[in-house]
Novice: 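First, the structure itself, so that you have it in front of you.
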Protein chains: 2
Amino acid sequence: MTSQAEDGPDTVAASRRSKITPEREREFFDAVLEQIRECGYDSVTMEGVAHTTRCSKSTLYRQWKTKPQFVAAALRANRKVRFAGIDTGSLAEDLRLAARAAGDWSDKDTRLLQALGHAVTADHELAQALREALVLPEIAELREMLARGVERGEVPADHPALEYVPAMMFGVLRVRPVLSGQYADADYLVRFVEAAVLPALGLTPDPGRRSRDD
Amino acid sequence: MTSQAEDGPDTVAASRRSKITPEREREFFDAVLEQIRECGYDSVTMEGVAHTTRCSKSTLYRQWKTKPQFVAAALRANRKVRFAGIDTGSLAEDLRLAARAAGDWSDKDTRLLQALGHAVTADHELAQALREALVLPEIAELREMLARGVERGEVPADHPALEYVPAMMFGVLRVRPVLSGQYADADYLVRFVEAAVLPALGLTPDPGRRSRDD
DNA sequence: GTGTACCGATACGCTTGAGTACCGGTACAC
DNA sequence: GTGTACCGGTACTCAAGCGTATCGGTACAC
């Protein structure tokens, strides 16, 4: 595997004497991701992106060779830390906060993942970019959260449910639209954590059920 | 919205003096679904289906007006009862069996759902067909399973985790490829049920360990 | 002021696939 | 046997979209 497209061709704005500012680039990326969310990967057209950003197709093709490379670059630029700063000293509370945070981008992220779900099988670079943008960071953060809980002795290190928590959270998050037609909002996810994740981990949920009043 | 395409145009074989036997129709449906799984909805071509089934494009278009209608018909014909006959008298055992059963088509069903995930937003008939084929039956069966458990007194009727069990099962099932790159096989799902679903429901996986101590 | 290199616009070539039209062959009805 | 109606095959029209080429305009370097 040759890693020829690592950092170079992604954010071209700084190099190559391009007149495209990082802010402008951000507009391109936002536009293409939004178009993907709305129409699906295959239906996204470079012309459409060019039109909504009031640039020309040539401009896009000058920066990125092909459509998948363009999309991959947009995904990589979209990487964010989701659960940053969540460290309350209590695993249950951390999970609640993470659920609430996840619910806030549930809509956008889920639609993106859904729309790219299959396009990914064709282009490996795209697949990797998607994983790195929308999957791996959150998983890693969840695992750290759990590890801290274990370290504090809240959950035994060999608790069998531990390894399934990321899949549970992620699964419910992504699958809810399919089941009920609506995206998993923060309240739903917090209730899910309360009702299923914490009990599975042997953590006692709030007895009085005072889950959502900030 | 008038439901003009209900039963008539789906299975045309019997009507219209078509020489296409139900078995032949089944071949068409299998072919298109397999092509969807492999290439995604958008990349499926009527010509490809015609070629793999050694029929002509005309034949397909004679029976189904458009590609989405054809695919919707294929989905509707694909409806199956997944967890039929699972009723052991124990909710835990039922869930284990369901997990094992689900793992057996995990691959095919998940790929199909993934591939159609976004195509569905464009065509409402397709969306409904997909839900009726791959989502609603399994959910309904799971709910019945849970209801029986409640009726037998294994789980209190107001147990908060009850409503999340289908989402958990479905979520983990569908999301595993995204997380780990491999489909959720039967073993994985059974371990998940054991480690997370049963404890969440307050059912003890093995007698030596009571997880709820509030 | 001059030149270079990028920008936006437009037009084009090329491929692909949906859906249609037409054709000869053939099974089944009668 | 004769006719009808469907089958498979092929050729076609039409639209869309990728990626390329070309052109005038313009910002910035020097």
Side-chain angles (χ1 to χ4, degrees), chain A residues 5 9 11-29 31-32 35-36 38-74 115-116 118-119 122-123 125-126, chain B residues 5 9 11-29 31-32 35-36 38-74 115-116 118-119 122-123 125-126:
Chain A
T11 317
V12 213
S15 68
R16 254 200 86 191
R17 187 94 54 89
S18 168
K19 292 173 186 168
I20 297 180
T21 65
E23 292 76 24
R24 186 78 172 119
E25 199 182 52
R26 184 81 245 154
E27 284 183 51
F28 295 153
F29 290 161
V32 72
Q35 231 183 77
I36 289 174
E38 278 176 11
C39 319
Y41 175 80
D42 285 328
S43 302
V44 162
T45 68
M46 295 298 261
E47 201 151 2
V49 175
H51 184 257
T52 62
T53 54
R54 295 174 308 281
C55 80
S56 100
K57 229 177 16 159
S58 323
T59 305
L60 298 179
Y61 277 108
R62 259 177 228 122
Q63 313 292 338
W64 301 279
K65 301 297 177 204
T66 66
K67 171 175 154 181
Q69 281 182 26
F70 176 41
V71 174
L116 285 169
H118 206 270
D123 188 303
E125 184 189 353
L126 209 54
Chain B
T11 317
V12 215
S15 68
R16 254 198 88 193
R17 188 97 52 92
S18 168
K19 291 172 187 167
I20 297 180
T21 64
E23 293 75 25
R24 186 76 172 124
E25 199 182 53
R26 185 81 246 155
E27 283 182 51
F28 295 154
F29 290 160
V32 73
Q35 229 181 79
I36 289 174
E38 277 175 13
C39 320
Y41 175 80
D42 284 328
S43 301
V44 161
T45 68
M46 296 296 263
E47 202 151 1
V49 175
H51 184 258
T52 63
T53 55
R54 294 173 310 282
C55 79
S56 101
K57 225 171 27 152
S58 324
T59 304
L60 298 179
Y61 277 108
R62 257 177 229 125
Q63 312 292 338
W64 303 278
K65 302 297 176 204
T66 65
K67 171 174 152 179
Q69 281 182 25
F70 176 42
V71 174
L116 285 169
H118 206 272
D123 189 303
E125 183 189 355
L126 209 54

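Letters A, B, ... are given to chains in the order of the sequence lines, protein chains preceding strands, and every chain is numbered from 1.
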Novice: Heavy atoms only: give me the nearest G40(A)-A115(A) pair and the separation to one decimal.
Specialist: CA-CB, 4.0 Å
Novice: Any heavy-atom pair between the side chains of R24(A) and T53(A) that's under 4.5 Å?
Specialist: yes
Novice: Start with the C-alpha gap between F70(A) and Q63(A), add the side-chain angles, then the distance that decides, and say whether side chain to side chain contact (heavy atoms under 4.5 Å, CB included) holds.
Specialist: CA-CA 8 Å; F70(A) 176 41; Q63(A) 313 292 338; over 6 Å; no
Novice: I would like to know whether L60(A) and K67(A) meet side chain to side chain contact (heavy atoms under 4.5 Å, CB included); could you show each step before the answer?
Specialist: CA-CA 9 Å; L60(A) 298 179; K67(A) 171 175 154 181; over 6 Å; no
Novice: Do other residues, nucleotides or ligands put more than 12 heavy atoms under 6.0 Å from E47(A) CD?
Specialist: no
Novice: Determine, stepwise, if the pair T52(B) / E27(B) fulfils side chain to side chain contact (heavy atoms under 4.5 Å, CB included).
Specialist: CA-CA 9 Å; T52(B) 63; E27(B) 283 182 51; over 6 Å; no
Novice: OP1 or OP2 of dC6(C) sitting under 4.0 Å from any side-chain N/O of Q63(A)?
Specialist: no
Novice: In whole angstroms, how far is the P atom of dC28(D) from the CD1 atom of I20(A)?
Specialist: 14 Å
Novice: What closest approach, in Å, do E125(B) and A72(B) show between heavy atoms, and which atom pair accounts for it?
Specialist: OE2-CB, 3.9 Å
Novice: Can you pull out the residues from residues 41-55 of chain B that lie within a 4.0 Å heavy-atom distance of DNA chain D?
Specialist: C55(B)
Novice: Could you state the CZ-C1' distance from R24(A) to dC6(C), rounded to the nearest angstrom?
Specialist: 13 Å
Novice: Which residues pass the ring pair (Phe, Tyr, Trp, His ring centres under 6.0 Å) test with Y61(A), sequence neighbours left out?
Specialist: none
Novice: Does the base of dG19(D) carry an N or O that pairs as donor and acceptor with the side chain of R62(A) under 3.5 Å?
Specialist: no
Novice: Do any side-chain nitrogens or oxygens of T59(B) fall under 4.0 Å of OP1 or OP2 in dC7(D)?
Specialist: no
Novice: Taking N and O atoms by type only, does the side chain of S58(B) place a donor or acceptor under 3.5 Å from a partner on the base of dG9(D)?
Specialist: yes
Novice: Measure the distance from CH2 on W64(A) to P on dC18(D) and round it to the nearest whole Å.
Specialist: 15 Å
Novice: Name the stems that DNA chain D belongs to, where each is three or more consecutive Watson-Crick or G-U pairs with both distances under 3.5 Å?
Specialist: C:1-30 with D:1-30
Novice: Between I20(B) and E25(B), which heavy-atom pair has the shortest distance, and what is it?
Specialist: CG2-N, 3.8 Å
Novice: May I have the distance from K65(B) (atom NZ) to dT20(C) (atom C1'), rounded to whole angstrom?
Specialist: 12 Å
Novice: Which residue, S56(B) or Y61(A), contacts DNA chain D at a nucleotide closer to its 5' end, judged by nearest heavy atom?
Specialist: S56(B)
Novice: How close or far is atom P of dG19(D) from atom NZ of K67(A), stated in whole angstroms?
Specialist: 8 Å
Novice: For a quick check of understanding: with a heavy-atom distance under 4.0 Å over all strands, which category does K57(B) fall into, base, sugar-phosphate or nothing?
Specialist: base
